[in-house]
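Since we're looking at a predicted model, the values are computed, not measured. Position 1 is the first residue of the sequence, and the numbers go up from there. Whatever order the structure lists ligands and atoms in, that order sets their numbers, starting from 1.
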Amino acid sequence: MKILISSCLLGEDVRYDGGNSSIAYTNSFTFSEKEKFMDILCENEIYSFCPEVSGGLPTPRPPAEIISTKKPFIVKNENNDDVTINFLMGAKNTLDLCLSENIKVALLKSNSPSCGNEKIYDGTFSSNLVEGQGLTAKLLLENDILVFNESQINELYKFLTKSNKGK
Ligand code: SF4
């Protein structure tokens, strides 16, 4: 199965701080989760993608948060620069890739203003998480693409095992 994965989860240094969120090399994941993640990588067709880089933002870049979660969306970085267009472009580019490659499943980084599928920071730059989705995750979900985050590796693994068996 084709799976879109946030580039930072694959170890690419594309995060705002110039680092990554590698699942394979981060101690917060159990050995079992890492094993399942490696199985997922080996047994599926992986598309690595970073919406924010695709949307034209540099790395490193100032952290950004979603100020308005409803249309018209507003995303600003901590310097108060409006980066909404970059986030929207990144979301569109991600969806375009999924549609052109017929990708129906994504594993995206949690809590990101682009990739978060369940929670995002509240727009005050005070580390408060609230229910909500990043702009890319939201657009994918609206287009019936399943989105998992890195704390849902077991669920993704189960889903893929079931789906791949059905082929
Ligand atoms: S936009 Fe997504 S893929 Fe890119 S660094 Fe942020 S969380 Fe990772």
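Ligand 1 has Phe49 within reach: a non-hydrogen atom of the residue lies less than 4.0 Å from it. For the ligand labelled ligand 1, residue Arg61 lies inside the 4.0 Å heavy-atom shell.
Listed by chain and number, the protein N, O or S atoms at a distance under 2.8 Å from atom 8 (Fe) of ligand 1 are Cys8 SG.
Inspection of the Arg15 and Ser21 side chains reveals an N or O donor paired with an N or O acceptor under 3.5 Å. Side chain to side chain, Asn111 and Glu118 fail the donor-acceptor criterion of an N or O pair below 3.5 Å. Side-chain contact, Ser126 with Thr124: a donor N or O sits under 3.5 Å from an acceptor N or O.
For the pair Lys34 and Phe29, the cation does not sit on the ring face, since its NZ or CZ is not both under 6.0 Å from the ring centre and inside 45° of the axis.
When atom types are taken as modelled, the side chain of Ser7 and the backbone of Cys50 share a donor-acceptor pair closer than 3.5 angstrom. At distances below 3.5 Å, at least one donor-acceptor pair connects side-chain atoms of Asn44 with backbone N or O atoms of Ile40.
The side-chain hydrogen bond (donor to acceptor under 3.5 Å, both in side chains) test applied to Ser110 returns Glu150, not counting sequence neighbours.
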